[in-house]
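Letters A, B, ... are given to chains in the order of the sequence lines, protein chains preceding strands, and every chain is numbered from 1.
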There are 2 protein chains.
Amino acid sequence: MSESSAAVRNTRQRSAVSALLGEMEGFHSAQDLHAMLRERGERVGLTTVYRTLQGLADAGEIDVMRPPGGEHLYRRCSEGHHHHLVCRACGRTVEVAGPAVESWADRVAAKHGYADVSHTMEIFGTCPACAR
Amino acid sequence: MSESSAAVRNTRQRSAVSALLGEMEGFHSAQDLHAMLRERGERVGLTTVYRTLQGLADAGEIDVMRPPGGEHLYRRCSEGHHHHLVCRACGRTVEVAGPAVESWADRVAAKHGYADVSHTMEIFGTCPACAR
DNA sequence: TGCGTTTTTGACAATCATTATCGTTGCCAC
DNA sequence: GTGGCAACGATAATGATTGTCAAAAACGCA
């Protein structure tokens, strides 16, 4: 019951998933990542990929996006809290920071007495390349 | 093949779903609504409930929320664009308007050349009643 | 009002991402 | 080296959502 044990073991699979995410650009689904790992010759179970991604997401090391009508997408993100501007057509993603939005959300929540506030935001549009 | 026909027919089922949404508070899943209709004695197929909800959502008459790890929730909302502040514990929902957020999203998207912009935002927290 | 056309309906099956299960494996501490 | 315990992974289960297609209902028009 000691709270000092990290209880996160350093396994080959976890490293593989983490490393793959480090090299990838953009968002990918769990099944995507699993397929890529197999192509590389890394033998990792699909279940483990899901578990690892959840763990990384909980730890805040990766970001999860739920596009309308699709599966969960995971991505290694830059530090800190930010949001995404995603192209509807090609999926190209831009990270955007909005301090004003953060504080607005906190303020609104506080006004209604809500505590322990978090929020999600996605902006969708058509990127310049796809608009043509 | 005339493209001029509005092609939206006024059926008993559509009215039933719409009326039910008009009386409900808060968000409900498609399956929820389907069950309520059955209890009322309205005979409406689950497929039709899904289709009707999608149609209403497309028309902007109702709002869709995708809570993390759950099913789609539908709700008749007040006019205009707004967002939701949802209690993690009890689901109590407050509608919040954030003109500043709207314009921020549009501005950010425009800066990156994205067109035809839309966005989604949900704020999660613990409401006063549940915080105690 | 009656008729034909076209949409809508609805029961059921299919899909498919995600989660649970549970015996086995391998990491880590001692 | 060894034991305990968390992680793994193949498979099955879950469950919401979507597709299918014949039958029924609604609308427009004469």
Rounded interatomic separation in angstrom, taking [atom1] from [X] and [atom2] from [N]:
{"X": "B:H34", "N": "D:dT17", "atom1": "NE2", "atom2": "C1'", "result": "14 Å"}
{"X": "B:L46", "N": "D:dA16", "atom1": "CG", "atom2": "P", "result": "9 Å"}
{"X": "B:E71", "N": "D:dT14", "atom1": "CD", "atom2": "C1'", "result": "13 Å"}
{"X": "A:D32", "N": "C:dT18", "atom1": "CG", "atom2": "C1'", "result": "15 Å"}
{"X": "A:R43", "N": "C:dT25", "atom1": "CZ", "atom2": "C1'", "result": "13 Å"}
{"X": "A:R38", "N": "D:dC8", "atom1": "CZ", "atom2": "P", "result": "17 Å"}
{"X": "B:L53", "N": "D:dT18", "atom1": "CG", "atom2": "P", "result": "11 Å"}
{"X": "B:R66", "N": "D:dA16", "atom1": "CZ", "atom2": "C1'", "result": "11 Å"}

State which residue, out of B:E61, B:M24, B:E23, fulfils the side chain to side chain contact (heavy atoms under 4.5 Å, CB included) condition with B:R76.
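The option that passes is B:E61.
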Given [options], the nucleotide with the shortest approach to the side chain of [X]:
{"X": "A:V44", "options": "D:dG9, C:dT18, C:dG10", "value": "D:dG9"}
{"X": "B:T47", "options": "C:dC12, C:dC28, D:dA16", "value": "C:dC12"}
{"X": "B:R14", "options": "D:dC8, D:dG9, C:dT8", "value": "C:dT8"}
{"X": "B:R51", "options": "D:dT17, D:dT20, C:dT21", "value": "D:dT20"}
{"X": "A:N10", "options": "C:dC28, C:dT18, D:dA16", "value": "C:dC28"}

Look at the side-chain N and O atoms of [X] and state whether any lies under 4.0 Å from the OP1 or OP2 oxygen of [N].
{"X": "A:H72", "N": "C:dT18", "value": "yes"}
{"X": "A:T48", "N": "D:dA7", "value": "no"}
{"X": "A:R12", "N": "D:dG9", "value": "yes"}
{"X": "B:Q54", "N": "D:dT18", "value": "yes"}
{"X": "A:Q13", "N": "D:dA7", "value": "no"}

Tell me what A:T11 touches on the nucleic acid: a base, only sugar-phosphate, or nothing, going by heavy atoms under 4.0 Å.
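If one applies the 4.0 Å heavy-atom cut-off, A:T11 turns out to touch the sugar-phosphate alone, with no base involved.
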Does any donor-acceptor pair link the side chain of B:R9 with the base of C:dT6 at a separation under 3.5 Å?
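It does, because a donor-acceptor pair links the side chain of B:R9 to the base of C:dT6 below 3.5 Å.
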Less than 3.5 Å between a donor and an acceptor, one on the side chain of A:S29 and one on the base of C:dA17, is that the case here?
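No.
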State whether the side chain of A:R88 and the backbone N or O of B:D116 hold a donor-acceptor pair below 3.5 Å, judged by distance alone.
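Confirmed, A:R88 side chain pairs with B:D116 backbone.
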Any donor-acceptor pair under 3.5 Å from A:S15 side chain to A:T11 backbone:
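At least one qualifying donor-acceptor pair exists.
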Answer yes if the side chains of A:H81 and A:E102 hold a donor-acceptor pair under 3.5 Å, and no otherwise.
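A pair is found: one side chain offers a donor N or O, the other an acceptor, under 3.5 Å apart.
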Does a donor on one side chain and an acceptor on the other come within less than 3.5 Å for B:Y74 and B:Q54?
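No.
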Would you please indicate if the ring centroids of B:H119 and A:H84 are separated by under 6.0 Å?
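Judged by ring-centre distance (under 6.0 Å), B:H119 and A:H84 do not meet the cut-off.
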